[in-house]
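Below: the structure, in structure tokens.
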Amino acid sequence: MDKEIKTTEKEIRLVEDFDLIFDFYKLVNRQGPGSIEITKLALNFIPGLPVSSKIADIGCGTGGQTITLAENTSGHITAIDLSEKFIEILDKNVKQAGFEDRFTNLIGSMEDLPFSDNELDLMWAEGSIYHIGFEKGLREWHQYLKPGGYIAVSEVSWITKERPQEIEEFWVLNYDGIDTIPNKVAAMQNAGYIPIAHFVLPVNCWLENFYDLVEVAVDPFLKQQNNSEEAKQFIESQLTEINLYKKYKHYYSYVFYIGQKIG
């Protein structure tokens with residue numbers, strides 16, 4: 001007899017939440033703070049990638065940074081995201097840019113990556129490693145890099161020693177992995193990397209390049225969702241995040257961390 005599979009209410013809610021997230025952010029060219037210039041700046045700290053390098057873009061989204069990676073490297077890129085909707089858009093962007101021969105685009109989880117040990121020259125995760133957790137991601141992905149290979153991730157971090165209670169409570173509730181830059185660098189060292197560089201993303205990466213685009217997408221999204229209560233609640237949470245950033249942007253930001261695997 002087949003085993004009965006029961007789907008809990010919580011699991012259903014989680015799937016619905018993911019569907020809302022994917023439906024909204026497919027309307028936005030970038031799924032997190034960043035810019036072409038920032039991606040290129042991070043690449044500048046990664047010298048001497050071989051012509052035939054193997055690169056993985058983990059949590060690639062629709063490819064806001066992925067095409068920039070292709071334009072500024074010469075290797076093969078495997079782009080992975082949990083959302084089929086994001087990968088479909090990335091496929092179109094890759095073909096439009098003429099890079100289809102250099103790409104493998106996969107639907108999958110960053111907790112179950114399809115790589116062999118010591119396979120990759122570079123692992124990239126812009127604004128996405130938080131899904132698995134900064135320390136967990138660094139430790140679990142370490143095995144896939146060649147000795148001397150690089151990892152480059154952007155991660156929300158406190159950029160001051162102290163901060164107001166309101167914003168601290170917001171981030172601890174929504175991502176308790178947030179921490180200060182020195183603690184993030186120490187975590188990278190403890191996971192088996194030499195910290196090569198880190199730098200704070202400027203305000204324009206949050207506002208002009210991300211949140212302004214998010215605000216433009218609100219009305220089309222609500223119309224697409226027939227102004228459902230769930231969609232309205234989701235948008236309210238996004239706008240709350242935007243308003244908090246505008247109020248407290250001097251206390252936190254995304255920070256790019258670049259490390260090299262020891263060995």
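What you are looking at is a predicted structure, and each value in this text was computed from that prediction instead of being measured.
Side-chain contact between Glu119 and Tyr144: absent, with no pair of heavy atoms (C-beta onward) separated by less than 4.5 Å. Looking at heavy atoms from C-beta onward, Met110 lies in side-chain contact with His131 at the 4.5 angstrom threshold. Inter-residue side-chain proximity for Ile38 and Ile36 is flagged as unmet; no heavy-atom pair is nearer than 4.5 Å. Two residues are said to be in side-chain contact when any heavy atoms from C-beta on lie closer than 4.5 Å; Tyr25 and Val214 meet this criterion. Looking at heavy atoms from C-beta onward, Met123 lies out of side-chain contact with Tyr150 at the 4.5 angstrom threshold. Side-chain contact check for Ile258 versus Ile46: some heavy-atom pair is nearer than 4.5 Å. Glu126 has its side chain within reach of Thr39: a pair of non-hydrogen atoms, C-beta onward, lies under 4.5 Å apart. Within the 4.5 Å cutoff, the side chain of Leu213 has no heavy atoms near those of the Glu208 side chain.
Connection of Leu138 to Ile194 is established within a shared hydrophobic cluster, with ILVMFWY side chains joined at heavy-atom distances below 4.5 Å, either directly or through further cluster members. With hydrophobic clusters built from ILVMFWY side chains whose heavy atoms lie under 4.5 angstrom apart, Val172 does not share a cluster with Ile167. With hydrophobic clusters built from ILVMFWY side chains whose heavy atoms lie under 4.5 angstrom apart, Val216 does not share a cluster with Ile235.
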Derivation of the side chain to side chain contact (heavy atoms under 4.5 Å, CB included) call for Ile21 and Phe234: CA-CA 8 Å; Ile21 292 168; Phe234 172 76; 3.7 Å; yes
Candidate pair Val153 and Trp124, rule side chain to side chain contact (heavy atoms under 4.5 Å, CB included), full reasoning: CA-CA 6 Å; Val153 304; Trp124 199 272; over 6 Å; no
Worked check of side chain to side chain contact (heavy atoms under 4.5 Å, CB included) between Ile151 and Trp141: CA-CA 9 Å; Ile151 190 165; Trp141 299 349; 4.0 Å; yes
From CA spacing to verdict: side-chain hydrogen bond (donor to acceptor under 3.5 Å, both in side chains), Thr240, Asn243: CA-CA 5 Å; Thr240 295; Asn243 290 333; 5.8 Å; no
Test side chain to side chain contact (heavy atoms under 4.5 Å, CB included) applied to Lys246 and Tyr211, step by step: CA-CA 10 Å; Lys246 290 177 178 178; Tyr211 283 150; 5.7 Å; no
Salt bridge (charged side-chain N to carboxylate O under 4.0 Å, His left out) evaluation trace for Glu88 with Lys26: CA-CA 10 Å; Glu88 286 176 355; Lys26 73 180 183 182; over 6 Å; no
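Residues Ile87 and Leu106 come closest through the heavy atom pair CD1-O, 3.4 Å. Annotation for Asp19 and Lys85: closest pair O-NZ, 4.2 Å, computed over non-hydrogen atoms. For the residue pair Gln260 and Gly148, the shortest heavy atom distance occurs at NE2-O, 3.0 Å. The shortest heavy-atom contact between Asn227 and Lys232 is O-CE, 3.3 Å. When all heavy atoms of Val28 and Ala217 are compared, the closest pair comes out as CG2-CB, 4.0 Å. Asn118 and Pro147 make their closest contact through OD1-CD, 3.9 Å (heavy atoms, listed as atom of the first residue, atom of the second, distance).
The OG atom of Ser83 lies 7.5 Å from the CD1 atom of Ile89; values are rounded to the nearest 0.5 Å. Note that OH of Tyr193 and CE of Met188 are 7.0 Å apart. Values are rounded to the nearest 0.5 Å. Note that the CG atom of Leu90 and the CD1 atom of Ile80 stand 11.5 Å from one another [nearest 0.5 Å]. Note: Phe134 CZ to Ile129 CD1 = 6.0 Å, rounded to the nearest 0.5 Å. The distance from atom CG of Asn105 to atom CZ of Phe86, rounded to the nearest 0.5 Å, is 14.0 Å. The structure places CZ of Phe199 at 8.5 Å from OG of Ser154, a figure rounded to the nearest 0.5 Å.
Listed by chain and number, the residues in a salt bridge (Lys or Arg N to Asp or Glu O under 4.0 Å) with Lys247 are Glu166 (sequence neighbours excluded). For the side chain to side chain contact (heavy atoms under 4.5 Å, CB included) test, no residue two or more places apart in sequence or in another chain qualifies with Pro220. Residues meeting the side chain to side chain contact (heavy atoms under 4.5 Å, CB included) test with Asn190, sequence neighbours left out: Arg139. Listed by chain and number, the residues in a side chain to side chain contact (heavy atoms under 4.5 Å, CB included) with Val203 are Leu207, Tyr245, Lys249 (sequence neighbours excluded). By the side chain to side chain contact (heavy atoms under 4.5 Å, CB included) test, Glu140 pairs with Ile132, Lys136, sequence neighbours left out.
Classified by interplanar angle (parallel below 30°, tilted 30° to 60°, perpendicular above 60°), the ring pair Phe18/Phe22 is parallel. The aromatic rings of Trp206 and Tyr254 are tilted relative to each other, their planes meeting at an angle between 30° and 60°.
A donor-acceptor pair is defined here as one N or O able to donate and one able to accept, closer than 3.5 Å; such a pair exists between the side chain of Arg102 and the backbone of Gly75. Side chain of His198 to main chain of Val185: no donor-acceptor pair is present (N/O by atom type, distance under 3.5 Å, no hydrogens or angles). A donor-acceptor pair under 3.5 Å is absent between the side-chain atoms of Ser253 and the main chain of Val255, judged by distance alone.
Arg163 has a carboxylate O that lies under 4.0 Å from a charged side-chain N of Glu168, or vice versa, which qualifies the two as a salt bridge. A salt bridge between Glu155 and Lys184 is present, with a side-chain N of the basic residue lying under 4.0 Å from a carboxylate O of the acidic one.
A side-chain N or O of Asn183 and one of Thr180 form a donor-acceptor pair less than 3.5 Å apart. For the 3.5 Å distance criterion, the side chains of His76 and Thr104 qualify, holding a donor opposite an acceptor.
More than 12 heavy atoms of other residues, nucleotides or ligands lie within 6.0 Å of CG in Asp117, so this atom counts as buried by the packing criterion.
Aromatic rings of Tyr252 and Trp171 (six-membered ring for Trp) have centroids within the 6.0 Å cut-off, being under it.
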Only distances under 3.5 Å count here; give the side-chain donor-acceptor pairs of residues 48-70 to other protein atoms, sequence neighbours excluded, each with its distance to 0.1 Å.
residue : atom : partner : partner atom : Å
Ser53   : OG   : Pro50   : O            : 3.1
Asp57   : OD2  : Gln65   : NE2          : 2.8
Asp57   : OD2  : Thr66   : OG1          : 2.6
Thr62   : OG1  : Asn29   : O            : 3.3
Thr62   : OG1  : Gln31   : OE1          : 3.2
Thr62   : OG1  : Gln31   : NE2          : 3.1
Gln65   : NE2  : Cys60   : O            : 3.1

